[in-house]
Amino acid sequence: MAGSGERAVRTRARLAALLADASTAALRSAGGRVAGVYLRADGPGDAPDFLRLAVLAGLPGPLFRPWWRVHMDRPFPVCDAYRLGLPVVLPNATEAVRRYPQFAAGLPFPFASVHMPVPGGGGPLGVLAVLRPSAGDDGDEPLDRELLARLAEGLGTELLALADGDRAAIVWDGEPQCVRPPAARPPQTAVGRFTWDPATHAVRADDRLHTLLGLAAGDFAGTDTALAEALAPAEAYRVLAALRDTAAGKPPGAPLSLRAADGVSRLLDLWPAGDGGALPSPADGGGAVARVGGVVFDPGRAALADGAADQLPQGVFCLDRLGTVGYANAAAARFAGRAREALLGRTLWDALPWLTGPPYDDHLRGALLSPEPVHFHVRRPGGTDGGYDGFAVSVYPGDDLLTCTLVPASRMEAPGGPRPPGPAVAAGPSMAAAYRPIALAIALTDAVTAQQVSAVVMQELLPAFGGRRLAIYLLQERHLHLAWESGFPPGFLEPFDGVALDARIPAVETLATGRPLFFESMRQLAETYPGLPLDAEEGSRAFLPLIASGRPVGSCVLGFDGPRGFSAEERTVLTALAGLIAHAMERARRYDSEAALARGLQQALLPSRLSAHPRVETAGRYLPGTEGLDVGGDWYDVVESGDGLALVIGDVQGHGVQAAATMGQLRSAVRAFALGDRPPDEVLSGTNHLLIGLDPGQFASCCCLRLDPATGLTRIARAGHPPPLLLAPGGRARPLDIPGGVVLGVDPGARYPVTELILEPDAILALYTDGLVERAGADIDDGIADLCRALDRAGAAAGRRDGLTLSGVADRLTAAARHADARPDDVALLLARRLRHG
């Protein structure tokens, strides 16, 4: 056994090495930023139709978590590549949105992707996926597909050799292995420093700057114009303008992102340096100065290691492509509230957790997948007096590193003063804002109740805009009733629950007028609505009307902790999102009413009581499915048949009114045949002919038995139905080996053999439908075995005389299904126990 375990470990290690080598090779050959390999899933709860990400190179694992495990039927390119055995190439974001909108909504960044099936003889073994910089909208960027195809083919050959030709053994369980890609270029100088005299236009640069720019000392003329041309020839005007502004006491709010002549990204940071050229402290004021200090960074090279970076007023830190902090200057450590040693070598999720999670993961993914910098705002919890420290964050992509800057809110905008220039003050979520309605629409497709819709809004919309409070009101009989709240003080919203439409409060007026209301501060809200109770002194609020196809549905209230502006883009996106929420809520309300009607119809079709016999105890349970509005076709019945009882259980294919109608007809037919004291095979044959004659286009499974309570003689026949279970006194539950015929409604000449057995006193017979034993990704035989074990436990409790009746046994057998988060199918159960004395 030990030898077998060691071989398994070695095989797993060799498999991981093969996948890592293939991924890094694909990165190089396709000019990619991220690569990975998907294999068939083999983890707990996995089904054969799932793929798992086995290896991921170039991206931190947590940022790709939503795509670790995907169903092969999902409209994703990796799934199509696996199912069809053909490569899927998406040259740009436009093509991705056109062909795979769900995939594009989850990764709303300008990148291209290639998904190459890994061949294995009888079909793909997996998929090799590469994410790379986007081509133009014409998609005319060269890509060596042949080389990628050869890599995938070579990987398939090695995988089959590793598994000795056994395709079924090439699977993956658990989390993906994250691989750091090889460095794109060797470490070089990453930072250079200079000073500029505006009176003489002279620039004094250190040796590191010469090395960084690739200039010999004699090649550098030492003027501001020469410096600007060397930094970024096409953007020299920006450099010169920034120098002049800084000399006038108006430095950029964040490092300028520049593009060198060879396309390499560079960052330039400037500050007033004073007469002596010494670096000022962050607290120094502005005003006219004689000199300007500057630092030039190359974010794609080695981590910053020059002392100049420690004197910068803003925080600077670097991440590798797996999210590990490789450098942090003194300001970054101070802003993080941790020692520098506590940041270095740790992942961003450990070192700066307040920079992770939605929506910040979107921004980090964008910087890792696209060549353009991203800018956003963040609040760090635990600031002064328990409040929040606000920062503008800029993330600059590089081949091997991300360079990130933190600019405090106090530097971004002085009270009453204008915002300084610079990209960091632009809080726009890049492409993510444009795709937010798509992402929310996709998330809302699975929400069918008002509670589920509200939960999706809280999870998807609030984090995207930095909100902390949410309230959703629904319109009922000209009054607004609170359907959901989160983040408000306890009891604060109670007075607003049930307000009439003539009340002058913003939640009512936004619905009455159909116009969203935005308040950038609580003071503005109080001035607009004098006397309106407020839940906080600081903050901002958005009131959105929920209107679906011209019909008022309710109101949505978003709350933010601090004052904030709402840009025209944000107002447009929030208004669009309100429309999606309204339609989802309208659908949820229809679901609630139709579900209640469906449940009532289902209960009406089931027997209100079971026929009784003094020597037989029976118990039945029915649980409707939770995934959809349609009623199901499961049923059970107990019918007096001569001197005994007929017990029947059935399951009509599908759901909906047709299935329910067919179920009602079959139940009536079975009762009629059973009341005539016909044996079980004739009951099934007669019902089969009736169903075929009705021609509803449906079929049904059924199990029917006749029990003689006096002798215990039981005759059983089944039509495509799971076998009954028998728990004999003192024994263990087991499925009965009963030959059966085909399902009802298929073959008019079908025969249903009868099996006889003697049901001992106190023995329990269990009839059930497949909804009780089927689980996604598991064999039905395993589900039947689990039900046998549950019947053993319940029967033992009943045998101990601890008060557990047959009805209690039925409750125990259906407990797991009753408390499950979702039931994809109906569940029916019918139990019978022959008593010793009548």
Side-chain angles (χ1 to χ4, degrees), residues 620 632-639 641-642 644-655 658-708 713-726 734-759 765-774 779-781 783-785 787-788 825-832:
D634 291 18
W635 92 95
Y636 61 85
D637 207 349
V638 178
V639 184
S641 179
L645 292 177
L647 286 79
V648 61
I649 194 165
D651 183 0
V652 177
Q653 170 219 10
H655 295 79
Q658 183 62 53
T662 302
M663 180 264 279
Q665 291 170 319
L666 292 184
R667 177 174 172 245
S668 297
V670 169
R671 287 187 67 88
F673 289 125
L675 285 171
D677 200 17
R678 294 193 183 186
D681 56 333
E682 292 186 16
V683 172
L684 293 182
S685 294
T687 306
N688 179 48
H689 283 97
L690 174 66
L691 183 57
I692 293 174
L694 292 172
D695 192 22
Q698 292 177 303
F699 58 83
S701 68
C702 188
C703 182
C704 180
L705 66 87
R706 187 188 186 285
L707 170 63
D708 184 342
L713 177 63
T714 305
R715 306 181 69 199
I716 307 175
R718 64 189 185 101
H721 202 83
L725 306 184
L726 176 64
R734 60 183 176 87
L736 296 175
D737 185 13
I738 297 176
V742 299
V743 292
L744 305 176
V746 174
D747 179 10
R751 295 291 182 265
Y752 301 98
V754 174
T755 300
E756 294 186 353
L757 60 89
I758 298 298
L759 187 66
L765 199 60
L767 309 180
Y768 54 92
T769 57
D770 55 9
L772 189 59
V773 292
E774 282 189 331
D779 192 279
I780 191 172
D781 290 338
I784 293 174
L787 185 60
C788 284
D825 198 3
D826 296 4
V827 170
L829 173 70
L830 179 60
L831 301 180

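Every heavy atom of this structure was used, including side-chain atoms; hydrogens, water molecules and symmetry mates were not. What you see is a predicted model; the values in this text were computed from it and never measured.
Shortest non-hydrogen contact noted between Arg678 and Val683 is O-CG2, 3.8 Å. The minimum heavy-atom distance linking Leu831 with Ala766 is given by the pair CD2-CB, 3.5 Å. Looking at every heavy atom in both residues, Cys703 comes nearest to Ile716 through SG-CG2, 4.0 Å. Of all the heavy atoms in Tyr768 and Pro722, the pair that sits closest is CE1-CB, 3.4 Å. Between Leu684 and Ala719, the shortest heavy-atom contact is CD1-N, 4.1 Å.
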Anything under 3.5 Å between a donor and an acceptor, one on a side chain of residues 739-759, the other on a protein residue two or more places apart or in another chain? List them.
from	atom 1	to	atom 2	distance (Å)
Asp747	OD1	Gly749	N	3.0
Arg751	NH1	Gly749	O	3.2
Tyr752	OH	Val742	O	3.3
Glu756	OE2	Arg715	NE	3.3

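Checking each of Leu725, Leu726, Leu787, Asp781 against Pro735 for a side-chain contact (heavy atoms from CB on, under 4.5 Å) leaves exactly one that passes, namely Leu725.
Here the straight-line distance linking atom CG of Asp681 with atom CG of Asn688 works out to 12.5 Å at 0.5 Å rounding. In this structure, the separation between CG on Leu705 and CG on Leu647 is 5.0 Å, given to the nearest 0.5 Å.
At least one side-chain heavy atom of Val652 sits less than 4.5 Å from a side-chain heavy atom of Trp635. Considering only heavy atoms from C-beta on, Cys702 comes within 4.5 Å of Val648 through its side chain.
Panel note: side chain Arg706, backbone Ser641; a donor-acceptor pair is recorded below 3.5 Å.
For Thr769, the side-chain contact (heavy atoms from CB on, under 4.5 Å) criterion is met by Asp634, Ile649, Asp651, His721, Ala828, not counting sequence neighbours.
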